[in-house]
Amino acid sequence: MTVRVENGHPVVRRSVGGLATGLRGPHERSGGLWIGWPGTIEGLDRTGFEDVDRQFATARAVPLSLDTEEVEVFYEHISNGVLWPICHDRIDRLPLRVDGWDVYERVNARYADVVAEHYRPGDRVWVHDYQLMRVPALLRERVPDARIGYFLHIPFPSPELFMTLPTRSWLVEGLMGADLIGFHTRRYHGHFRAVLRRLFSVEANRDDVVRWQERPVRLGVFPMGVDTADFAARAARPEVATRVLEYRDSRQRLLVGIDRLDYSKGIPRRLLAVERLLQMHPEWRERIRFIQVAVPSRDRVGAYRHFRHEVDALVGRINGAFATPTWTPVHYMHRSVPGDVLLALYRAADVMLVTPLRDGMNLVAKEFPASRIDDEGVLILSEFAGAAEELSDALLVNPYDVDGTAAMIHRALTMDVEERQRRMRALRATVIERDVHRWTDCFLAALG
Ligand code: GDG
């Protein structure tokens, strides 16, 4: 949940992301609580803050505040500046000096305190993601009998990379406070098991259970899905259909990319692949258009500021080289777009490009088929996105292979309608069967 100040009054809003959607049902049915940081709230007086507290209480959410140092050290430096690059195979992006694990611990301990304060016997606690890797163990100290699940939304990296972290054992010990630890894919789960073996010489049994300090800790693979039914219903609305007509142009095929502007998403090589396509197949000049939405992200982390300029320059260079008075190959939108625009882009795309260098799951790859109620459109998907383990009917590419990606875009653009629809129907069947509600139910059932 986030707080916005509108006309001097605070408004608490539910987030619209996949996680919030998936957990809405269980949150309502169980009478449970959301505990989390709602972001820094500015511009309110005391009455304003009391109003915020009231709104959170009504929504059954418990806000936890972070001070400026905590935001900088726990969130920006350690979580986004160290754990994020390591888990996305980018040790080259690490700062030379890493300080601040004590602040990471302090914030995790505060989360554990707040959970312990609200805990009632019989509760199930579900901890999410890499910012809170120490919470399971810290909560276990406070409430030894608590039933604790943990889910990692990003990749668990290869042991070779994870072992570079000076805090590697301490982080794993944090996770092992849980009763159940979930990953998106078999690969991340395998990496974690290998790390347990190397660091602690412990092995999971055939049921995926590890004995840890006299307790069983279960590991599991739970690939997250999207709310397929909701995407299909919203994609069918007339407002979206009208936009789809505006975006389509009978003379041009549409390529679409939608990502947070992050170095893990593979945007520069994707742009190079589009450039390569225009060089290798000049017949596509003036006949394709590539819309890339890049949502601004983590501007306060140094690596991201530099990366933003790199992408700006690449877009400029490609457009400079190929544009004509009536055509521009790359339409670059460095901002977030409203939900209806996102849906219309999914529906209008001839080819959807999801080519991260590494991605935990990547929900865009699932939202695209969920929105294609017409069974049309081709998905090009990186083999390094978690989603590739399930979506084998996409055209899989190695995103580091720029020429290979360019050739795959050509293949997608020239694919016959039968193959296109067969692949899309198969993708849709997968995302319908494995939707976000199934993900939530499976995890909670395993935890129960
Ligand atoms: C983590 C992991 C894992 C994007 N642009 C706009 C917009 N979006 C929405 C998409 C989608 C979401 O943002 C992005 O989904 P991702 O899966 O890429 O990931 P994150 O939530 O950032 O991150 C990731 C995920 O957790 C779930 O476990 O898949 O690997 O990194 O839902 O639709 N939405 C709107 N405008 C935009 O411009 N409205």
Side-chain angles (χ1 to χ4, degrees), residues 2 13-23 36 79-80 83-90 126-132 150-157 182-185 187-188 221-228 230-231 234-235 240 243 256-267 270 291-298 304 331-347 349 352-372 379 381-382 384-391 399 431 434-436 438-440 442-443:
T2 47
R13 286 229 170 79
R14 285 170 189 280
S15 305
V16 289
L19 181 60
T21 309
L23 287 176
S79 299
N80 291 338
L83 291 173
W84 179 271
I86 286 261
C87 292
H88 290 85
D89 304 349
R90 295 301 299 270
W126 190 354
V127 183
H128 291 270
D129 228 359
Y130 60 103
Q131 301 89 349
L132 303 180
Y150 175 91
F151 189 82
L152 184 68
H153 288 264
I154 65 174
F156 193 91
F183 304 92
H184 277 306
T185 70
R187 185 180 301 272
Y188 311 149
V221 177
F222 304 89
M224 187 171 169
V226 298
D227 193 346
T228 321
D230 183 60
F231 270 92
R234 286 190 295 134
V240 173
R243 275 187 198 278
V256 175
I258 295 173
D259 309 81
R260 220 166 21 77
L261 186 57
D262 192 290
Y263 52 76
S264 65
K265 299 290 184 182
I267 298 171
R270 189 183 308 162
I291 300 183
Q292 173 67 56
V293 176
V295 181
S297 177
R298 305 180 186 172
Y304 285 76
H331 291 238
Y332 179 59
M333 299 161 69
H334 180 230
R335 57 179 181 274
S336 161
V337 298
D340 273 2
V341 173
L342 185 88
L343 277 164
L345 285 171
Y346 284 151
R347 283 215 51 190
M352 188 78 202
L353 291 168
V354 181
T355 59
L357 305 177
R358 184 59 76 193
D359 212 329
M361 173 53 72
N362 195 303
L363 297 180
V364 167
K366 295 187 167 180
E367 292 170 4
F368 174 58
S371 310
R372 291 316 289 250
L379 173 62
L381 177 61
S382 160
F384 303 129
E389 242 180 51
E390 296 165 278
L391 302 181
V431 299
R434 300 163 163 240
D435 70 0
V436 69
R438 187 179 120 144
W439 174 75
T440 317
C442 287
F443 189 92

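Throughout, residue positions are numbered sequentially from 1 according to the sequence presented. Numbering of ligands and ligand atoms starts at 1, following listing order.
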Judging by distance only, is a nitrogen or oxygen of [X] under 3.5 angstrom from one on ligand 1?
X: D359; result: yes
X: V337; result: yes
X: I154; result: no

In ligand 1, which numbered atoms sit nearer than 4.0 Å to a non-hydrogen atom of [X]?
X: L363; answer: 15 (O), 16 (P), 17 (O), 27 (C), 29 (O)
X: H184; answer: 28 (O)
X: M224; answer: 27 (C), 28 (O)
X: G360; answer: 30 (O)
X: I258; answer: 4 (C), 5 (N)
X: R260; answer: 22 (O)
X: V295; answer: 5 (N), 6 (C), 37 (C), 38 (O)

Side chain to side chain contact (heavy atoms under 4.5 Å, CB included) between V221 and Y188, worked out: CA-CA 9 Å; V221 177; Y188 311 149; over 6 Å; no

Run the ring-ring contact (aromatic ring centres under 6.0 Å, His included) check on F183 and F151 step by step: do they pass? CA-CA 6 Å; F183 304 92; F151 189 82; 7.7 Å; no

Ranking E367, K265, H153 by closest non-hydrogen atom to atom 18 (O) of ligand 1, top hit is K265

Do F222 and H184 come within less than 4.5 Å of each other through their side chains, counting heavy atoms only?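 The answer is no; the side chains never approach within 4.5 Å.
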
Please indicate, with yes or no, if any protein heavy atom is found under 4.0 Å from [atom]?
atom: atom 14 (C) of ligand 1; value: no
atom: atom 23 (O) of ligand 1; value: no
atom: atom 5 (N) of ligand 1; value: yes
atom: atom 27 (C) of ligand 1; value: yes
atom: atom 20 (P) of ligand 1; value: no
atom: atom 9 (C) of ligand 1; value: no

Could you find the nearest protein heavy atom to [atom] and give me its residue, atom name and distance?
atom: atom 34 (N) of ligand 1; answer: L342 CD2, 4.0 Å
atom: atom 29 (O) of ligand 1; answer: N362 N, 2.9 Å
atom: atom 31 (O) of ligand 1; answer: W84 CH2, 3.6 Å

Under 3.5 Å, is there a donor-acceptor pair linking the side chains of D259 and Q292? yes

Give a yes/no verdict on whether any heavy atom in W439 is under 4.0 Å from an atom of ligand 1. no

Would you say that more than 12 heavy atoms from the other residues, nucleotides or ligands in this model lie under 6.0 Å from the CZ of R187, or not?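 No, the 6.0 Å shell around CZ holds no more than 12 heavy atoms from other groups.
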
Pairwise distance CE(M224) to CG(N362) - rounded to 0.5 angstrom: 11.5 Å

Using 0.5 Å steps for rounding, measure from the CD1 atom of I267 to the CZ atom of R270. 5.5 Å

In terms of ring plane angle, is the pair W84 and Y130 parallel, tilted or perpendicular, where the classes change at 30° and 60°?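 Correct class here is tilted.
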
Could you check S371 against R347 for side-chain hydrogen bond (donor to acceptor under 3.5 Å, both in side chains), going step by step and ending with a plain yes or no? CA-CA 6 Å; S371 310; R347 283 215 51 190; over 6 Å; no

Might you point out which heavy atoms bring G360 and T185 nearest each other, and give the distance in Å?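 Closest approach of G360 to T185, heavy atoms only: O-CG2, 4.4 Å.
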
With H128 via side-chain hydrogen bond (donor to acceptor under 3.5 Å, both in side chains) - residues at least two apart: H153

Can we say D340 and R234 salt-bridge, meaning some charged N sits less than 4.0 Å from an Asp/Glu carboxylate O? no

Any salt bridge (Lys or Arg N to Asp or Glu O under 4.0 Å) involving residues 354-372? Give me the pairs, sequence neighbours left out, ordered by first then second residue.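 Applying salt bridge (Lys or Arg N to Asp or Glu O under 4.0 Å) to every pair that reaches into residues 354-372, excluding sequence neighbours, yields D89-R358, K265-D359, K366-E390, R372-D374.
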
